[in-house]
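Chain letters run A, B, ... following the sequence lines, proteins first, then strands; residues in each count from 1. What you are looking at is a predicted structure, and each value in this text was computed from that prediction instead of being measured.
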Amino acid sequence: MSSSAPAPAPTKASDFIRDIIDADIQAGRHDKILTRFPPEPNGFLHIGHAKSICLNFGLALEYKQKQGEENARCHLRFDDTDPVKEDTLFEEGIQEDVRWLGFNWDGFYHASDYFEKMYEYGEHLITAGKAYVCSQSDAESKATRGTVKEPGKNSIYRDRTVEENLDLFRRMRKGEFKDGEHVLRAKIDMANPNMKMRDPMLYRIRHTPHHMTGDKWCIYPMYDYAHPISDAIEGITHSICTLEFENNRELYDWVIDNLIDYANFPSRPRQYEFARLNLNYTVMSKRRLLELVEGKHVSGWDDPRLPTIAGMRRRGITPEAIRAFCASVGVAKANSTVDMAQLEFCIRDDLNQKAPRVLAVLKPLKVVIENFPDDQVDEYDASLWPHDVPKEGTRKLPFCKEIYIEQDDFMLEPPKDFYRLAPGREVRLRHSYCVTCTDVVKDESGNVTELRCTYDPETLGKNPEGRKVKGTIHWVSARHAVDAEVRLYERLLKDEAPPTGKDSEFLNAINPDALQVLKGCKLERSLSEAKPMDRFQFERQGYFVADQDSKPGSLVFNRIVTLKDSWAKQQQKK
RNA sequence: UCCGAGGUCGUCUAAUGGCAGGACACGACACUUUGAAUGUCGGUACGGUGGUUCGACCCCAUCCCUCGGAACCA
């Protein structure tokens with residue numbers, strides 16, 4: 001997978017995080033700005049992560065521009081503190097996704113790079129009387145934690161001596177104890193109204209090999225301990241995370257404050273929280289995505305219906321569109337749900353400038369042009385771009401007596417404002433002549449199977465005289481058409497928001513039409529050469545991409561997004 | 001309600017003591033060999049109540065509502 005064009009430093013309106021950074025620079029608190037994107041390598045990235053990626057890497061790009069190349073950085077750091085769930089396989093996918101989005105990291109790290117330091121700091125906290133080894137069972141520590149309204153109770157192991165704690169902690173590391181036998185806890189306050197501060201666990205025993213450190217360790221640090229230390233060691237200045245970590249910030253600061261003199265960190269990082277991205281008509285949580293994939297409701301992590309980066313990539317959405325979308329939704333602290341229409345706008349807006357226009361008939365209806373010579377083939381130099389896209393280029397578009405048009409472009413008994421084909425009506429064939437429908441062929445059950453038309457030879461490249469032809473429809477020469485499979489994608493869910501109930505209720509909201517596979521579609525000849533990831537606009541229908549399954553002779557296209565369709569909208573209202 | 005964070009057009013987001021602005025969505029019109037794109041115009045918002053102030057979305061008080069927090073997950 002080739003990476004996409006690097007993201008330009010965007011000119012982004014300010015937000016509360018940029019305001020904070022500007023104020024920090026103004027006040028001389030930092031001369032370098034360092035951010036980081038810290039995914040846990042236990043799953044696939046989705047568009048919510050893209051927001052965080054654009055923020056963190058985008059910040060580095062912007063401040064490189066403002067402060068100088070050397071004075072801003074963004075690190076990619078895998079937060080690999082739980083060996084039970086994490087894997088190298090996920091790391092590769094995540095790196096690919098970040099690069100595809102157009103970003104390059106200025107440093108590549110793992111939280112596990114710092115395990116030795118973290119352990120050392122653990123001993124320091126013990127020595128300073130700030131941490132102790134607790135030997136309560138899982139159930140006991142749950143029972144003594146209290147509730148959000150009631151204080152917890154001190155562990156009976158809370159007053160172990162420094163010597164005893166040190167000895168126990170060292171033996172934990174050596175592997176003398178079984179999983180769950182002991183943990184290292186911070187000694188803070190079991191009555192703290194913030195549950196995160198009630199002597200939180202710092203280390204747990206896990207006799208599980210780690211994908212980076214192998215079997216070197218059998219004790220692993222918890223997120224709340226590992227994250228601030230990793231940030232501080234790397235010199236991160238602004239540690240940006242999502243709102244659910246607000247309660248963790250107090251502990252983040254506690255860890256830094258109790259280590260900073262001893263550890264001599266290059267920075268005093270600060271954590272800031274922003275609202276994660278929510279999108280309607282889809283699901284974003286790891287759990288729900290997993291359920292869709294494992295339950296075979298979709299074809300895999302890269303199913304084009306999913307909001308995963310891999311899915312959107314296969315869908316044909318460009319990284320530029322995703323970046324523009326992330327910039328457009330902004331960064332704030334209020335929980336919000338962005339309208340899918342906003343994403344779709346960004347996709348169309350980008351592709352409008354990038355996707356050459358071609359003709360493709362998805363649901364073919366044969367048309368015979370009776371007054372056109374049997375063997376004649378016209379060939380037009382048809383522009384690949386509309387007048388308002390400043391690009392040049394044409395392709396040869398063949399035309400002959402028999403063509404296909406879209407079934408939806410013909411109506412037996414049309415309303416007055418139907419600008420397309422109907423018995424006795426005239427329509428413009430895109431890039432070609434105007435034709436008038438003279439006859440309709442039906443099968444026994446009354447279905448329209450073929451149209452008979454006549455063309456006006458005076459209408460090529462000019463308007464007919466004395467009458468106005470309002471509609472223009474697309475078509476494909478029957479003799480020259482190439483067949484293709486076309487996969488029409490729509491929004492994953494039929495409801496704006498999935499049912500609030502937990503469990504699998506959201507599965508009922510799946511849009512059964514989110515994937516519709518069309519075979520026997522008729523594409524113009526020039527598309528026979530299309531390569532996977534080539535994007536086109538099928539005029540009047542939408543933007544499409546050649547799928548990775550596509551091969552010459554058996555073409556497969558995915559619909560990225562439809563065009564806006566004010567006709568369909570108008571019909572829907574009736 | 002024990003702690004924390006929030007509440008501005010339908011949606012997302014600005015303005016932070018001085019005319020509530022932009023984008024998407026929506027509607028109308030223009031243009032059109034894509035019912036696309038583009039252009040023009042339009043409607044729609046500061047959770048409630050008090051207070052401070054010449055002036056409050058902004059500051060204060062109070063109420064209401066929403067979200068997050070009790071994994072040996074992150």
> Are the charged groups of A/R395 and A/E524 less than 4.0 angstrom apart, N to O?
Replying inline: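 Looking at A/R395 and A/E524, the cut-off is met.
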>> Please determine whether a side-chain nitrogen of the Lys or Arg among A/K564 and A/E344 lies less than 4.0 Å from a carboxylate oxygen of the Asp or Glu.
In response: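 So A/K564 does not pair with A/E344 through a salt bridge.
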Tell me whether the OP1 or OP2 atom of [N] has a side-chain N or O from [X] closer than 4.0 Å.
X: A/H474; N: B/A36; value: no
X: A/R357; N: B/A36; value: no
X: A/T81; N: B/A74; value: yes
X: A/K569; N: B/C26; value: yes
X: A/K142; N: B/C72; value: yes
X: A/R145; N: B/C72; value: yes
X: A/T459; N: B/U33; value: no
X: A/R430; N: B/U32; value: no
X: A/R276; N: B/G68; value: no

>> Applying side chain to side chain donor-acceptor pair (under 3.5 Å) as the test, list every pair that has at least one member in residues 181-193 of chain A; sequence neighbours left out.
In response: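 Of all non-adjacent pairs touching residues 181-193 of chain A, those that pass side chain to side chain donor-acceptor pair (under 3.5 Å) are A/S135-A/H182, A/Q136-A/R185.
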Expressed as a whole number of angstroms, how long is the span from [X]:[atom1] to [N]:[atom2]?
X: A/L202; N: B/A71; atom1: CG; atom2: P; result: 16 Å
X: A/R206; N: B/A74; atom1: CZ; atom2: C1'; result: 12 Å
X: A/K564; N: B/G27; atom1: NZ; atom2: P; result: 9 Å
X: A/D82; N: B/A74; atom1: CG; atom2: P; result: 5 Å
X: A/Q271; N: B/G68; atom1: CD; atom2: C1'; result: 13 Å
X: A/Q572; N: B/C26; atom1: CD; atom2: C1'; result: 14 Å
X: A/R77; N: B/A74; atom1: CZ; atom2: C1'; result: 12 Å
X: A/K196; N: B/G68; atom1: NZ; atom2: P; result: 13 Å

>> Nearest 0.5 angstrom please: A/I21 CD1 to A/Q26 CD, how far?
In response: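 Answer for the CD1-CD pair, A/I21 versus A/Q26, is 13.5 Å.
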> Looking at residues 345-354 of chain A, who's got a heavy atom less than 4.0 Å off RNA chain B?
Replying inline: A/F345, A/N352
> In residues 181-192 of chain A, what residues come within less than 4.0 Å of RNA chain B, judged by heavy atoms?
Replying inline: A/V183
> Can you give the dot-bracket line for RNA chain B, where a pair is Watson-Crick or G-U wobble with both atom distances under 3.5 Å, crossing pairs use [ ], and | marks a partner on another strand?
Replying inline: .((((((..((((....[..)))).(((((.......)))))....(((((..]....))))))))))).....
Do [X] and [Y] meet the cation-pi criteria used here (NZ or CZ under 6.0 Å from the six-membered ring centre, within 45° of the axis)?
X: A/R173; Y: A/Y119; result: yes
X: A/R77; Y: A/Y109; result: no
X: A/R204; Y: A/Y220; result: no

>> Run the side-chain hydrogen bond (donor to acceptor under 3.5 Å, both in side chains) test against A/D224 and tell me which residues pass, sequence neighbours left out.
In response: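 So A/D224 forms a side-chain hydrogen bond (donor to acceptor under 3.5 Å, both in side chains) with A/N248.
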> Partners of A/Q95 by side-chain hydrogen bond (donor to acceptor under 3.5 Å, both in side chains), sequence neighbours excluded?
Replying inline: none
> Do you know the tightest heavy-atom contact between A/I94 and A/E40?
Replying inline: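 Smallest heavy-atom distance, with atoms named: CD1-O, 4.0 Å.
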> What closest approach, in Å, do A/R270 and A/D253 show between heavy atoms, and which atom pair accounts for it?
Replying inline: NH1-OD1, 4.0 Å
Among all residues two or more places apart in sequence or in another chain, which pass the ring-ring contact (aromatic ring centres under 6.0 Å, His included) test with [X]?
X: A/Y132; value: none
X: A/H211; value: none
X: A/H238; value: A/H30, A/Y272
X: A/F536; value: none

>> Show every salt bridge (charged side-chain N to carboxylate O under 4.0 Å, His left out) that has at least one partner inside residues 331-340 of chain A, sequence neighbours left out.
In response: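 For residues 331-340 of chain A: A/E246-A/K333, A/E273-A/K333.
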> Is A/W567 stacked on the base of B/G35 when the test is centres under 5.5 angstrom and planes under 30 degrees?
Replying inline: yes
> Roughly how far apart, to the nearest Å, are B/U44 and B/G22 at atom P?
Replying inline: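 Nearest-Å result for B/U44 against B/G22 at atom P: 13 Å.
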>> Please encode protein proximity along nucleotides 8-13 of chain B as a string of B, S and -, counting only heavy-atom distances under 4.0 Å.
In response: ---SSS
>> With hydrogens left out and only the distance checked, is there a donor-acceptor pair under 3.5 Å joining A/D565's side chain and the base of B/G35?
In response: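 Counting by modelled atom types and ignoring angles, no donor-acceptor contact under 3.5 Å is found here.
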> Any donor-acceptor pair under 3.5 Å joining the side chain of A/Q537 to the base of B/U34?
Replying inline: yes
> Between B/G4, B/U33, B/A36, which one does the side chain of A/H387 approach most closely?
Replying inline: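 Nucleotide nearest to A/H387's side chain: B/A36.
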